[in-house]
2 protein chains.
Amino acid sequence: METMTTFPLQRDEVAGYLREHGITPTRPRVEIGTVLFQGHQHLSADQVQARLTSHVSKASVYNTLSLFTERGLLRQLIVDPTRVLYDTNVAPHHHYYDVERGELLDMDSSDALQMSPPAPPHGMAIESVDIIVRVRRDSATH
Amino acid sequence: METMTTFPLQRDEVAGYLREHGITPTRPRVEIGTVLFQGHQHLSADQVQARLTSHVSKASVYNTLSLFTERGLLRQLIVDPTRVLYDTNVAPHHHYYDVERGELLDMDSSDALQMSPPAPPHGMAIESVDIIVRVRRDSATH
DNA sequence: CTTAATGCAAAGGCTTTGCAGAGAC
DNA sequence: GTCTCTGCAAAGCCTTTGCATTAAG
């Protein structure tokens, strides 16, 4: 049951959006939601904290990002060994990862691999399919 | 230029294998190679260290795994936010990841997605394509 | 008022670093 | 003998935890 939400969300729309997902809209959560739901982005906890306009503790940033993920407002991306990135686009899609800059780009579904979902192993159910195409600047720029 | 190597490698074959890849076969490296090249496996630094028959410091385990990766003997798998796994199978293939047990399974190429390699973004070259199908025990076992 | 959330600092887990001592050739 | 590698412990990151304080309804 996905709510059709149109980004960007204005600050005063965030509280309602959180409530729709069973999340009490406290000050820190609205603050973080306002940063996140400006559009589709890939942010680490640190990056989120850096963009806040009022202070929220690191612990609350982490708690909030976990909560949003649990409630389906975010998707975790495990792509960089040094930190977790959060994707505000929870619709199925895949990524390019610039290994030099550590940046993610969404892949157009037209570019996406033609996939017949693979058979999961016996007794297992597929939870998600993550495709990451690691890229780097062309050798010309070496 | 890939060397066709048949696993498992016996302990006395490891030194030569390392030399072929420009790696000085020191005692810790042969030790680690002997653990790794018994077959296709997915191991963390800790797991490697635990299987050694003689002591190698943690720092050397990490250094060695990085070196082997750099020289193409291993492939790093970024799949679990809490640790890096190393795959002794460097041929192109993909994975199932059991999110509950934290274990990886190789995907048969027959199960693999039909993929027309996606177009990389302008000025970028594809380095690798990583596909991870996250799975969990069937809901029956809830 | 009662329950839930926040903040701070401390603790944790994995990985890297610095540097003296040991090993490879 | 020279250059490289190893080991140990300390330092670094990112993330989680514990617990007293504050906010939500």
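Just so it is clear: chains get the letters A, B, ... in the order the sequence lines come, proteins before strands, and each one is counted from 1. Only heavy atoms go into these numbers, but all of them, side chains included; no hydrogens, no water, no symmetry mates.
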Would you call A:Asp46-A:Lys58 a salt bridge at under 4.0 Å N-O? yes
How are the rings of B:His95 and B:His42 set to each other: parallel, tilted or perpendicular (split at 30° and 60°)? perpendicular
Side-chain N or O of A:Arg29 closer than 4.0 Å to phosphate OP1/OP2 of D:dA23: no
If you check the A:Ala59 side chain, which of D:dT6, C:dT6, C:dC8 turns out closest? C:dC8
Rounded distance (Å) that lies between atom C1' of C:dT15 and atom CG of B:Asp80: 14 Å
For DNA chain C, whose closest nucleotide is more 5', that of B:Pro25 or that of A:Ser57? A:Ser57
Between C1' on D:dG25 and CD1 on A:Ile23, what's the gap in Å once rounded to a whole number? 18 Å
Find the distance B:Asn63:CG to C:dA22:C1' and express it as a whole number of Å. 16 Å
Expressed as a whole number of angstroms, how long is the span from B:Phe68:CZ to D:dC5:P? 12 Å
D:dG7, D:dT17, C:dC25: which one has an atom nearest the side-chain heavy atoms of B:Val56? D:dG7
Which heavy atom of A:Ser44 sits nearest a heavy atom of A:Leu85, and at what distance? N-CD2, 3.6 Å
Between B:Tyr86 and B:Thr26, which has a closest nucleotide on DNA chain C that is more 5'? B:Tyr86
Answer yes or no: is there an ion pair linking A:Arg75 with A:Asp130, defined by an N-O contact shorter than 4.0 Å? yes
Does B:Ser44 make a side-chain N or O approach to OP1 or OP2 of C:dC14 shorter than 4.0 Å? no
Any A:Tyr62 side-chain nitrogen or oxygen under 4.0 Å from OP1 or OP2 of D:dT15: yes
C:dT16 P sits how many Å from B:Glu70 CD, rounded? 12 Å
Between C1' of D:dG7 and CD of B:Glu31, the distance in whole Å: 15 Å
For the side chain of A:Lys58, starting at C-beta, report the closest nucleotide among C:dT6, D:dT15, C:dC14. D:dT15
Which sits closer to the 5' end of DNA chain D, A:Arg27 or B:Thr24, going by the nucleotide each is nearest to? B:Thr24
From CD of A:Gln47 over to P of D:dT15, roughly how many Å is that when rounded to an integer? 11 Å
Where the side chain of B:Val84 is concerned, which of C:dC8, C:dT15, D:dG7 is the nearest nucleotide? C:dT15
Which nucleotide in D:dC8, D:dT15, C:dC14 has an atom nearest any side-chain atom of A:Arg83: D:dT15
Gap between atoms CG and P, on A:Leu65 and D:dC14 respectively (whole Å): 14 Å
Below 4.0 angstrom from OP1 or OP2 of C:dG7, is there any side-chain N or O of A:Ser60? yes
Which atom of B:Phe68 lies closest to which atom of B:Ile32, heavy atoms considered: CE2-CG2, 4.3 Å
